Amino acid sequence: MSAGFETLEGWYSSHDFREFDWAGWKALSSKEQDIILEELFGLFNQWRSFESKHAGAFELFDVVGNKGDLLMFNLRPTIDELIEVKHAFNQTRFAALTIARDSFSSVIELSNYVVKSNQRMADEAFVQSRLRPKLPAVRYLCFYPMNKKREGADNWYSLPVEERQNLMRAHGMTGMKFKGQVTQMICGSIGLDDWEWGVTLFADDPLVFKKVVTEMRFDEVSARFAEFGPFYVGRKVSNQDMVKLLRKD
Amino acid sequence: MSAGFETLEGWYSSHDFREFDWAGWKALSSKEQDIILEELFGLFNQWRSFESKHAGAFELFDVVGNKGDLLMFNLRPTIDELIEVKHAFNQTRFAALTIARDSFSSVIELSNYVVKSNQRMADEAFVQSRLRPKLPAVRYLCFYPMNKKREGADNWYSLPVEERQNLMRAHGMTGMKFKGQVTQMICGSIGLDDWEWGVTLFADDPLVFKKVVTEMRFDEVSARFAEFGPFYVGRKVSNQDMVKLLRKD
Amino acid sequence: MSAGFETLEGWYSSHDFREFDWAGWKALSSKEQDIILEELFGLFNQWRSFESKHAGAFELFDVVGNKGDLLMFNLRPTIDELIEVKHAFNQTRFAALTIARDSFSSVIELSNYVVKSNQRMADEAFVQSRLRPKLPAVRYLCFYPMNKKREGADNWYSLPVEERQNLMRAHGMTGMKFKGQVTQMICGSIGLDDWEWGVTLFADDPLVFKKVVTEMRFDEVSARFAEFGPFYVGRKVSNQDMVKLLRKD
Amino acid sequence: MSAGFETLEGWYSSHDFREFDWAGWKALSSKEQDIILEELFGLFNQWRSFESKHAGAFELFDVVGNKGDLLMFNLRPTIDELIEVKHAFNQTRFAALTIARDSFSSVIELSNYVVKSNQRMADEAFVQSRLRPKLPAVRYLCFYPMNKKREGADNWYSLPVEERQNLMRAHGMTGMKFKGQVTQMICGSIGLDDWEWGVTLFADDPLVFKKVVTEMRFDEVSARFAEFGPFYVGRKVSNQDMVKLLRKD
Amino acid sequence: MSAGFETLEGWYSSHDFREFDWAGWKALSSKEQDIILEELFGLFNQWRSFESKHAGAFELFDVVGNKGDLLMFNLRPTIDELIEVKHAFNQTRFAALTIARDSFSSVIELSNYVVKSNQRMADEAFVQSRLRPKLPAVRYLCFYPMNKKREGADNWYSLPVEERQNLMRAHGMTGMKFKGQVTQMICGSIGLDDWEWGVTLFADDPLVFKKVVTEMRFDEVSARFAEFGPFYVGRKVSNQDMVKLLRKD
């Protein structure tokens, strides 16, 4: 069985989850806290500037529950820049107040399951906006990694390409019902990280995450073939929001 | 296969399990302990006040066994308020005496598996009391997350909606046998956390948890389709109880 | 499928495994060690006194291998008393020299798989001696949690009650071969802890644990339906034994 | 299905894996290091003396990779002596420079799968040399725990005893091809530890471990029925070797 | 079923992943950092010198994501030399600034699945270049361990040797499509470490890892029989690169 499908790849993507050391933070003086945040915000501002140069993107999210406190989400044209992002953060004094938790390294992917006609593939503007996207100006993110199953009769990689295409397109139709409510970004990570794909959803109402993921779970492609990793929900945090979260005064 | 069922969502829910640092606590003077508890109880009282304003709920539980010591259970109308609950707790001095363990983020859910007739759906008071509940005035809680299986012939998400409804209603009938002994709250977490649902039971006799969960495990919907996560049992703790637990004098 | 079987429940049970901080212990002066052990033995003696009042039981075990160093095994009439057992231990200075590992919370269970005739159920003395037992005066304990499988064709909870009863009784017959060599205590934990049952065996020769568990594994009920958790073996430790273990002088 | 096979048991066995705290070690003065090693070697020499008295055995191994640094392998006639081995080590100052990792507690086992004729069973000398062995004077050890599967059609414990015997004997024949290159010790741990068996191989060339385990994996008994745990390889370490490893000077 | 295939083995291989303690590093003075790096680079230079003597190889990689920071990849003719590599690193002061994470111990393997004709086997130069390789002068590495499945109908070890050969050769053909873009090194670890094989890919463009692993996943041998462990991607780091990463000044 040959793959029989093509993918286009865009920017590399890093989801970096960190736990925050509140006790260490609170032990610092206001002045030390100021210095630490100033250094951190310098880095964050630099990372955010990639968006205006259309050379990447960065957003910080406040993570729901105990699986982590912060999610740093970065997009960059090369994997080297993602490695540098990690090092630049670890060089900050703020980094010593965090504990690295889960991470997910991947690359934005567009497949001909989704972009089917040659014509549309040729629609350079559409393709570029998907592969090198501007992050949607919405408030919440949902992230989860996933695999396609290879178990007994439910073996995605043994299906003929036509069947895979039909299943993926039906799945895409389900997603379409939520158009305008949610934006989806698919990253591929086969050969790059432990899971095969990472799905990032953006919405202004977190309930939409529940609605769309539930509806899609009943599609055959998910019901029979999907294996899901952990689910993370985060709320976008600006530098000012962060000051408010970390400082009571 | 389309989902073919509807859900109503109510308040967002957070189950936050913490381990307590007894050694750190005992190293403090009585006076420091008093100050820490006063700050903590200020927060807890504020959280409890949401119940009287019908804008949420809070209870603290003393957890059985070594999977954690405290369970903070909060309900709020929005996910933002749950994020603030987490931050407000982490800002306290008491928080530095705890280690975050498991957590579960979800939203109270009512499905038309359960509420089947249009008439009843229209029964606003009933629905509201389920979606935005007052916590039962009972002594013990049992909590467990769960999934529906998607394995070979036992694939919940591939069943026709009628079959799912029949199985869920038969399951509901089993639960009815325990009416008056146990109160059940179903939270949905597809797209919000790692498990698909979280079940919270409330009872005055913890043996009822064993009886009801055992009886329901023989229902086809559980026997064939349920995957269970960890089970937690806790005992309700007031501020006064907590003082007694933490202070010998 | 209804459960179609009944259980009787007795005392609540706690298996609490702890790792011992040898380095912390050795850093203390003899005098400090004496004070710590005196406090601990005060608690242990109080716990042991429940046996003479027939209001529970307590034994301490020295655990084989690196899965823990100590097992505190307590039985009490109510779950509240088990919660208090945990708090009372954590209040001791000795507790700060231990790290909580695995734990198992359950309730002693007798089912009509085992006690089948009405007559025998009526034999109050027999039933009571099983539900509220005196711990056997033997030297070794073996503990393991377990589930019954729900996988494809091997689904315990989908079997008719008669088949379950036949399988359990055949299993009981195998156990009978070891009568006099081993005493078995079954605790149920559905709805109370992560596993469905906990099996505690008591014997004067630890080889008997290997013999009986091996023999029973070939019974259909184990071969097809049992899922086993970790296995722990421990040796009973009196207060005097403990002094000898912890003090070289 | 009855077991239908017999086992003979010999010495109890402990595989105790430890990580070494290099930073703590290097922080000590040469003099302190000398004192610590002297105490440790006193214990090791005592353990080694059991071999000459034919009352057990001890060897220390340097573990390949990051799953641990040291493996202490002890054989003793009783489980009590193994518990004392653990305590005696933990009493040393050296122990505080190690972190307990994996451990495996079991008992040397000889089954009539292997020793089939009554005559041979009666061959006391042969049997004794297997149950209470002298450790081979070779340089490398390979250790791995394993289970026999109980999954759907591949259920070892549901096979007739004759089929189990045929499979085990064919397996033994494969092993025979490596006679003279590798020595095998089978320990049973059903009812004693998490896995059902532990296999310890000894050889002068570590490549033989790869060759023999690969060849045997194609036997039906492994291909269909074996579940393997982690694999450890170690190199034998004398007291002098250990000094060389730990001291550069 | 006999294995029916032969393997040739070359150098032993160690993939050693380490987390870097940035906080500890930054707490040191420039002078202390210089001394630590000088010692480390002395060791690295010695390790690199094995390549010129054709007696092994060494490269350091900067790891993508939070699964580790550094990968030390060493090849040596004997397992003893790999053990010495580990000790030599742990003896450095730099080692105390790292935390051991995953590791993978194996031996380079060439099977007659791949090298099929006797003639080619006899081609000593070709075989030697595979078994005792020079590492490709490219920038990125991808590493992942894997097993062959033994589950129900998908049991690699129960297939006839011809079928295994056909599947492996078809797989090799897929790999051939990427010739010139990627170099592959197969290490066998049955009997040596937890996984059965480790695959190391080298390329100048990390996107090639995604392309080749994806394409090969659709081959029957992967689709039906492969179980994959974690995937690691790293970027080659020279001593000078390392100074730049660790020092801002």
Side-chain angles (χ1 to χ4, degrees), chain A residues 19-27 61-69 139-140 142 144 149 151-154 170 174 177 182 199 201 203 205-220 222-235 237 244-248, chain B residues 1-7 9 12 14-18 21 24 68 78-80 82-93 95-107 109 111 147-148 150-153 155-159 161 164 187-196:
Chain A
E19 189 179 329
F20 184 60
D21 172 13
W22 277 97
W25 173 254
K26 285 183 285 187
F61 295 88
D62 194 356
V63 177
V64 176
N66 292 345
K67 285 180 287 185
D69 292 307
R139 204 164 152 71
Y140 301 97
C142 169
Y144 56 96
K149 271 193 201 169
E151 287 178 8
D154 295 338
T174 303
K177 297 185 204 167
V182 67
V199 178
L201 306 176
D205 177 359
L207 203 56
V208 171
F209 300 140
K210 180 174 185 280
K211 295 291 187 185
V212 65
V213 178
T214 299
E215 186 74 18
M216 296 184 92
R217 191 147 301 179
F218 287 90
D219 289 335
E220 191 181 346
S222 291
R224 280 187 59 198
F225 298 107
E227 282 177 349
F228 296 104
F231 281 77
Y232 295 93
V233 171
R235 180 179 62 169
V237 178
K244 262 184 255 163
L245 290 174
L246 298 178
R247 302 282 291 266
K248 288 209 226 182
Chain B
M1 189 63 51
S2 141
F5 78 104
E6 298 289 322
T7 52
E9 280 80 16
Y12 282 87
S14 163
H15 294 73
D16 186 344
F17 293 90
R18 302 271 167 160
D21 173 13
T78 67
I79 212 168
D80 277 35
L82 284 192
I83 294 175
E84 276 140 36
V85 156
K86 178 180 156 183
H87 288 304
F89 178 73
N90 283 333
Q91 290 274 12
T92 64
R93 284 190 61 193
L97 294 164
T98 68
I99 298 146
R101 298 284 293 262
D102 217 348
S103 70
F104 188 74
S105 306
S106 58
V107 61
E109 173 185 301
S111 78
N147 288 337
K148 288 288 201 295
R150 296 176 290 111
E151 288 178 8
N155 193 321
W156 176 256
Y157 294 91
S158 297
L159 293 183
V161 61
R164 278 182 274 129
C187 294
S189 46
I190 296 183
L192 300 177
D193 210 329
D194 304 354
W195 293 89
E196 298 179 340

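The structure displayed is predicted, hence computed values, not measured ones. Letters A, B, ... mirror the listed sequences (proteins, then strands); counts begin at 1.
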Student: Less than 4.0 Å between a side-chain N and a carboxylate O, is that true for A:D62 and B:K86?
Tutor: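 No salt bridge links B:K86 with A:D62.
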
Student: Go through the atoms of A:L246 and report whether side chain, backbone, both or neither lie under 4.5 Å from a heavy atom of chain B.
Tutor: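 Only the backbone of A:L246 comes within 4.5 Å of chain B.
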
Student: Give me the atom names and distance for the closest heavy-atom approach of B:G191 to A:F231.
Tutor: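 Smallest interatomic distance, heavy atoms only, reads CA-CD2, 3.7 Å.
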
Student: Determine, step by step, whether A:K210 and B:S106 satisfy the side chain to side chain donor-acceptor pair (under 3.5 Å) criterion, reporting the C-alpha distance in whole Å, the side-chain angles of both residues, the deciding distance to 0.1 Å, and the verdict.
Tutor: CA-CA 9 Å; A:K210 180 174 185 280; B:S106 58; over 6 Å; no

Student: Report the option among A:R224, A:K67, A:E151 that has the most heavy-atom pairs separated by less than 4.5 Å from atoms of chain B.
Tutor: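 The answer is A:K67.
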
Student: CG/B:L192 to OH/A:Y232 distance, rounded to the nearest 0.5 angstrom?
Tutor: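 Nearest 0.5 Å value for the CG-OH distance: 14.5 Å.
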
Student: Between the side chains of B:E84 and A:R235, is the shortest nitrogen-to-carboxylate-oxygen separation below 4.0 Å, so that they form an ion pair?
Tutor: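 Result for this pair is yes, salt bridge flagged.
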
Student: So which of B:S105, B:S189, B:A96, B:G152 has the largest heavy-atom pair count under 4.5 angstrom toward chain A?
Tutor: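 Highest number of pairs under 4.5 Å: B:S105.
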
Student: With a 4.5 Å heavy-atom cut-off, do A:V64 and B:I83 have their side chains touching?
Tutor: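 Yes, close enough: below the 4.5 Å cut-off.
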
Student: Looking at chain B, which one of A:D21, A:L207, A:T174, A:V212 has the largest number of heavy-atom pairs inside 4.5 Å, strictly under?
Tutor: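 Among A:D21, A:L207, A:T174, A:V212, the one with the most close pairs to chain B is A:L207.
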
Student: For residues A:D154 and B:R150, determine if any side-chain heavy atom of one lies less than 4.5 Å from a side-chain heavy atom of the other.
Tutor: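 The answer is no; the side chains never approach within 4.5 Å.
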
Student: Tell me if a side-chain donor or acceptor on B:Q91 pairs with a main-chain N or O of A:L245 at a distance below 3.5 Å.
Tutor: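 Side chain of B:Q91 to backbone of A:L245, a donor-acceptor pair under 3.5 Å: yes, one is there.
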
Student: Examine whether an atom of A:A226 lies under 4.5 Å from a heavy atom of chain B, and if so say whether it belongs to the side chain, the backbone or both; otherwise answer neither.
Tutor: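 Both backbone and side chain of A:A226 come within 4.5 Å of chain B.
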
Student: Measure the shortest side-chain to side-chain distance between A:W22 and B:H87 over non-hydrogen atoms and say whether it is less than 4.5 angstrom.
Tutor: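 The answer is yes; the side chains approach within 4.5 Å.
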
Student: Distance from B:W156 atom CH2 to A:F218 atom CZ, nearest 0.5 Å?
Tutor: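 Output value for this atom pair is 8.0 Å.
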
Student: A:K26 versus B:R93: any side-chain heavy-atom pair under 4.5 Å?
Tutor: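 No - every pair of side-chain heavy atoms lies 4.5 Å or more apart.
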
Student: Do you know which of A:Y144, A:F20, A:Y140 has the most heavy-atom pairs with chain B at a distance under 4.5 angstrom?
Tutor: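 Max contact count across the listed options: A:Y140.
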
Student: So for B:D193, is it side chain, backbone, both, or neither that comes closer than 4.5 Å to the heavy atoms of chain A?
Tutor: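 Contact with chain A involves both backbone and side-chain atoms of B:D193.
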
Student: If we ignore hydrogens and angles and just use 3.5 Å, is the side chain of B:S103 paired with the main-chain N or O of A:G65 as donor and acceptor?
Tutor: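 Such a contact is absent between B:S103 side chain and A:G65 backbone.
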
Student: So what's closer than 4.5 Å to chain A heavy atoms on B:Y12: side chain, backbone, both or neither?
Tutor: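 Only the side chain of B:Y12 comes within 4.5 Å of chain A.
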
Student: If I measure from the heavy atoms of chain A, does B:R18 come under 4.5 Å with its side chain, its backbone, both, or neither?
Tutor: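 For B:R18, side-chain heavy atoms alone lie under 4.5 Å from chain A.
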
Student: Taking all heavy atoms of A:N66 and all of B:D102, pick out the closest pair and write down the distance.
Tutor: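 So the two residues come closest at ND2-O, 3.4 Å.
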
Student: So do the side chains of B:E196 and A:T214 get within less than 4.5 Å of each other, counting heavy atoms only?
Tutor: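 Sidechains of A:T214 and B:E196: no contact.
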
